[in-house]
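Accompanying notes for the structure given below.
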Amino acid sequence: MEKKLKLYTTTIKSIDDENKSIRFRISDDSIDRYGEKVDQSWNLKNFLKNPIGLWNHKSYNVEPEDVLGQWSDIKTEDDGTYGTLTFDVDINPKALTVFNQYVKRTLRCVSVGFIPHSMEWEDDTPVLKDNELLEVSCVPIPANANAVALALKDGSLNTKDAQWMLRSMRDGATELQEQLNKSKPEEGEEKHVEEVKTQLKDLSDLIVNLGVAGTDVDDAGLK
């Protein structure tokens with residue numbers, strides 16, 4: 001089977017500000033927007049050989065700033081699978097930006113990339129099994145557009161990083177749209193992409209209204 005990406009609105013279990021690490025719930029077995037469940041018995045063998053934390057699934061043309069840190073202590077508990085991401089803030093300024101936005105709950109999602117090697121049915125629900133974890137990414141899906149704009153306004157997010165986040169949101173929405181066009185998912189996932197596109201437009205408008213020049217971000221390619 002081909003690689004799948006699953007987006008989760010994450011639960012933050014703990015934050016270690018001194019070591020700049022966050023323990024996230026990265027996956028669970030709830031029914032997702034595609035009407036699927038992901039069995040939580042993960043094969044971590046290949047993932048643990050290079051457990052880097054990427055920004056927005058950048059697996060090609062990777063820039064140094066796209067590598068945010070390293071994952072550790074991946075464990076499955078009763079309510080899902082958890083992992084700790086230690087952000088490389090000493091060598092990557094973008095890692096500190098992303099860390100701070102999760103701490104403030106401005107960002108809210110992580111996304112797992114994996115290959116399900118088998119599938120079973122549970123009543124009418126497909127359950128993806130024998131799941132080989134490939135990578136786990138931080139993704140630019142904010143809690144809401146206004147949260148990012150307010151972070152810009154109060155100084156916890158600077159103009160350059162706001163522009164970077166806008167571009168990342170645009171890229172993320174484009175990738176979601178491409179997945180929709182390819183796999184024709186359920187109505188709920190189409191709604192999610194529309195939400196991302198709306199957030200992008202709202203955030204762009206808000207930043208312009210706050211007087212930030214040179215964002216040069218629009219919704220081209222998302223129509």
Side-chain angles (χ1 to χ4, degrees), residues 5-28 40 42 44 46-77 79-114 133-172 196 199 203 207 212:
L5 303 178
K6 295 287 187 182
L7 183 72
Y8 291 91
T9 301
T10 187
T11 295
I12 291 179
K13 190 169 186 178
S14 62
I15 297 171
D16 182 344
D17 188 63
E18 181 178 357
N19 293 306
K20 295 297 184 285
S21 65
I22 300 176
R23 187 153 185 81
F24 295 95
R25 183 168 65 190
I26 62 173
S27 180
D28 61 36
Q40 296 299 295
W42 294 95
L44 304 175
N46 287 326
F47 174 76
L48 292 177
K49 291 177 181 177
N50 189 27
I52 59 174
L54 294 173
W55 176 247
N56 207 26
H57 296 292
K58 284 294 189 74
S59 57
Y60 58 92
N61 295 328
V62 179
E63 299 292 337
E65 66 180 18
D66 296 322
V67 181
L68 299 177
Q70 293 221 15
W71 290 96
S72 62
D73 196 22
I74 308 293
K75 290 183 179 177
T76 298
E77 302 179 13
D79 61 342
T81 299
Y82 288 80
T84 298
L85 179 59
T86 301
F87 291 80
D88 289 335
V89 300
D90 54 336
I91 58 175
N92 184 358
K94 288 294 191 294
L96 180 58
T97 296
V98 174
F99 173 82
N100 287 334
Q101 296 311 306
Y102 276 113
V103 169
K104 292 191 65 173
R105 306 303 198 269
T106 304
L107 295 179
R108 63 171 182 168
C109 293
V110 296
S111 182
V112 293
F114 67 101
L133 185 62
L134 302 177
E135 52 98 2
V136 186
S137 282
C138 296
V139 289
I141 310 297
N144 57 69
N146 194 48
V148 180
L150 289 174
L152 176 64
K153 192 171 184 178
D154 70 20
S156 60
L157 188 68
N158 63 38
T159 302
K160 184 177 179 181
D161 288 337
Q163 294 170 354
W164 174 67
M165 193 168 290
L166 272 171
R167 289 193 297 270
S168 296
M169 285 183 67
R170 179 193 59 197
D171 293 344
V196 173
Q199 287 177 342
L203 180 55
I207 289 180
V212 179

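Here the structure is a predicted model, which is why all the values come from computation and not from measurement.
- Between Glu77 and Lys13 there is a salt bridge, since at least one side-chain N of the basic residue sits less than 4.0 Å from a carboxylate O of the acidic one.
- Contact of the Leu85 side chain with the Phe99 side chain is not registered, since no non-hydrogen atoms from C-beta on lie closer than 4.5 Å.
- Ile74 has its side chain within reach of Thr81: a pair of non-hydrogen atoms, C-beta onward, lies under 4.5 Å apart.
- A heavy-atom distance below 4.5 Å is not found between the side chains of Leu68 and Leu54.
- Within the 6.0 Å centre-distance limit, the rings of Trp42 and Phe114 are counted as a close aromatic pair.
- At least one side-chain heavy atom of Phe47 sits under 4.5 Å from a side-chain heavy atom of Val136.
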Exercise for the section: Carefully, step by step, assess Val67 and Asn92 under the rule side-chain contact (heavy atoms from CB on, under 4.5 Å). Expected result: CA-CA 8 Å; Val67 181; Asn92 184 358; 5.5 Å; no
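- A search for salt bridge (charged side-chain N to carboxylate O under 4.0 Å, His left out) contacts involving Asp90 returns nothing, not counting sequence neighbours.
- With values rounded to the nearest 0.5 angstrom, Asn19 atom CG is found 12.0 Å from Ile22 atom CD1.
- Looking only at side-chain heavy atoms (C-beta outward), Thr86 and Gln70 stay at 4.5 Å or farther from each other.
- Looking at Asp88, its side chain never comes within 3.5 Å of a backbone N or O of Ile91 through a donor-acceptor pair.
- Inspection of the Thr84 and Arg23 side chains reveals an N or O donor paired with an N or O acceptor under 3.5 Å.
- With a 4.5 Å cut-off on side-chain heavy atoms, Tyr102 and Val110 count as touching.
- Note: Leu44 CG to Lys75 NZ = 12.0 Å, rounded to the nearest 0.5 Å.
- For the pair Val98/Leu107, a side-chain contact is recorded, criterion being any heavy-atom separation below 4.5 Å from C-beta on.
- Between Phe24 and Tyr8, the distance from one ring center to the other does not fall under 6.0 angstrom.
- Without hydrogens or angle criteria, Thr10 side chain to Arg108 main chain gives no donor-acceptor distance under 3.5 Å.
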